[in-house]
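Just so we're on the same page: letters track the sequence lines, and every chain starts at 1.
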Amino acid sequence: MMEGTFAILDHPADLRIRFRAGSLEGLLNAAAQALREYLYEGPKEGPESEVNSTADGTDDFGRFISALNEILFSLQTRRLLVRGVRVDRKGPVWDLILSGKKAMTGAAREIKAATYHDGFMREGPDGWEAEVLFDV
Amino acid sequence: MSDLEKISECVYEIPKTGGMRVPGRVYADEGLLEHIRSEDCLQQVANVATLPGIVGYSFAMPDIHSGYGFSIGGVGAMDAEEGIISPGGVGYDINCGVRLARTNLRYEEIRSRIPDVVASMYATIPTGVGSHGAIPRLGKEDLKQVLTRGAAWAVGRGYGTGSDLEFTEEGGAFRDADPDAVSARAAERGSDQLGTLGSGNHFAELQVVEEIFHPEAARRFGLSVGQIMVMIHSGSRGLGYQVCDDYLKVLGSATARYGISLPDRQLACVPIRSPEGQRYLGAMRASANFAWANRQILMVLTERAILKGLGISPRQLGFGLIYDLAHNIVKFEEHTYEGRKMKVAVHRKGATRAFGPGRPEIPGAYRDLGQPVLLPGDMGRASYLLIGTQKAMEETFGSSAHGAGRMMSRSRAIREGQHRNIAAELKEREITVMSAGKKTLLEEMPEAYKDVSQVAGVMHRSGISLKVARMRPVGVIKG
């Protein structure tokens, strides 16, 4: 499922992450891995689970941020250790399917939200790239 | 942005250029400015100055650092009739704030018992993200009551007394909260988090008073050197974060409809009087009430933990709230600006109210002194109690700084600290620390923050707050 990469960049107060992948879906999978690894420290894993969700916004970057916040909600509130993200972006609202194992222990850290501040998402000749600032 | 003009020893101005409706004002000294200039926060101060209805200046407090939309440490007063309201001027952690309580305990008498007390606090106070504790998951009706009644709900459940409400800003609850404007998702995020500390820079601390700067104010607050104090820093938890996120989307899609163009979409805003603005205000106030209930419960859990840890009676402990204040909030206040009385919506994001003597919003017991201003620092150095001033009323719409402000990224702190044992280092300095997250202590190491004494010094020298006392941490729990 994982086809992207991520790097945590320096930011004075919060968490700035760069994602790269061959597809938008790959970007979201890279994000799921980055956020899961940041939030959880060796969680006890339970049964597999899957949730349907949506991401909306006024443009693609807005929908990307919305999708990241859906992943965060699943990780932190539903305790779903998201390992797979499937996205259907046929319309103005993206349909998401998030899958993974349930966490039987709580997250060690917390992220308030993915922000719109000073971020981007773009498709270039070498694939997709995004940088996002998360408020911690 | 380098074209700052020095106005006085601790005040610098960002001249009005481009789309700025007012100039920027930065409270800092040369030492703090060096770091401030290395971030993009001065641009953020200039961006806030472009917002419709802003009055006077876009302010930056001495602990300013990069935020989203508004900088952390940013203040903007918007005309209540013609101005805008912006969730980015409040932040994700709505009514994140601090409370300070005094005890009868003397440091020298309990010095050897502090590890026991910290262990008791750690066992009693739910820390971290997924923690569950004294308050079971709230049902729909209970949550609605919390969102409506704030700290009074907690008092009604046996967490504290009515006098605590007197020493809490707004009496511990906004009256015009609208629980129905809080989404189901926000309710879900917050329903099992009431009475939990949270992670990151949130904390519960035992502190010892080290130095008194203002003997009369200290006497009135019941402070003396060597006394043990309790400071708590927490907010509205996942509920508030979700409310901010929800309304950034709602207001983000509405901003253009009101003919407002923005330099940063994180500054999404609408006219205060618009339906969207009123709904956000109702949800923000409900979230703020959740935060006041949260800190009220955390304080009582801390009190119980100390009683248990030391095996003493409530009378021996003599626990009493000095003050609770919000530092991520928007409030409607009356101010006099350029000789004209006006009502403004003061956005304080990482900034505290610092009203001077005489204001009716200050508890009667302190009204002639000025409002207590709480300035928490890092877990290794100090925190301050100050008081608001008439000068703050005249210059900053009664606002002041809220903390130390980070100066090192979390990733750098983890890199630099990977071979260090922060808890052991602090122990050598007689500070007992316990934390839920393994990396939290690295991220929160004292060197990751500016020296709060520098921030307090600027506040004092500029006259927007006056130092009353400095406290040193001796016991800390973190999420």
- [ ] Against chain B, label A:R16 side chain, backbone, both or neither, depending on which of its atoms sit under 4.5 Å from a heavy atom there.
- [x]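 A:R16 has no heavy atom closer than 4.5 Å to chain B.
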
TODO: Answer with side chain, backbone, both or neither: which region of A:A114 has an atom nearer than 4.5 Å to a non-hydrogen atom of chain B?
DONE: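 It is the backbone, since no side chain atom gets that close.
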
Task: For chain B, the option from A:L9, A:D56, A:I65 that forms the most heavy-atom pairs under 4.5 Å - done: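 Max contact count across the listed options: A:D56.
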
TODO: Please tell me if the side chains of B:I94 and B:N328 come closer than 4.5 Å, counting only heavy atoms from C-beta onward.
DONE: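 With C-beta onward as the side chain, the pair stays apart.
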
Specify which of [options] makes the most heavy-atom pairs with chain A at under 4.5 Å.
{"options": "B:D264, B:L248, B:N201, B:T440", "answer": "B:D264"}
{"options": "B:H65, B:R415, B:Q242", "answer": "B:R415"}
{"options": "B:H35, B:E39, B:R185", "answer": "B:R185"}
{"options": "B:R412, B:R406, B:R265", "answer": "B:R265"}

TODO: Mark yes or no: A:R109 above the aromatic ring of A:Y38, with NZ or CZ under 6.0 Å from the six-membered ring centre and no more than 45 degrees from the axis.
DONE: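 So A:R109 does make the cation-pi contact.
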
Open item on the list: Would A:R36 pass as a cation-pi partner of A:Y40, given that its NZ or CZ must be under 6.0 Å from the six-membered ring centre and within 45 degrees of the axis?
Closed with: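 That pair does not qualify as a cation-pi contact.
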
- [ ] Using the six-membered ring wherever Trp is involved, compare the ring planes of A:F61 and A:Y116 and label them parallel, tilted or perpendicular (cut-offs 30° and 60°).
- [x]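 Perpendicular, since the angle between the ring planes exceeds 60°.
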
TODO: Could you check B:H233, B:E443, B:E444 and say which one makes a side chain to side chain contact (heavy atoms under 4.5 Å, CB included) with B:K478?
DONE: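 Among B:H233, B:E443, B:E444, the one meeting side chain to side chain contact (heavy atoms under 4.5 Å, CB included) with B:K478 is B:E444.
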
Open item on the list: A:L98 and side chain to side chain contact (heavy atoms under 4.5 Å, CB included): which single residue from A:V87, A:N52, A:V82, A:L28 fits?
Closed with: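 It is A:V82, the one option of A:V87, A:N52, A:V82, A:L28 that forms the side chain to side chain contact (heavy atoms under 4.5 Å, CB included) with A:L98.
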
TODO: Could you look at B:D40 and say if it's the side chain, the backbone, both or neither that has a heavy atom under 4.5 Å from chain A?
DONE: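 The answer is the side chain of B:D40.
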
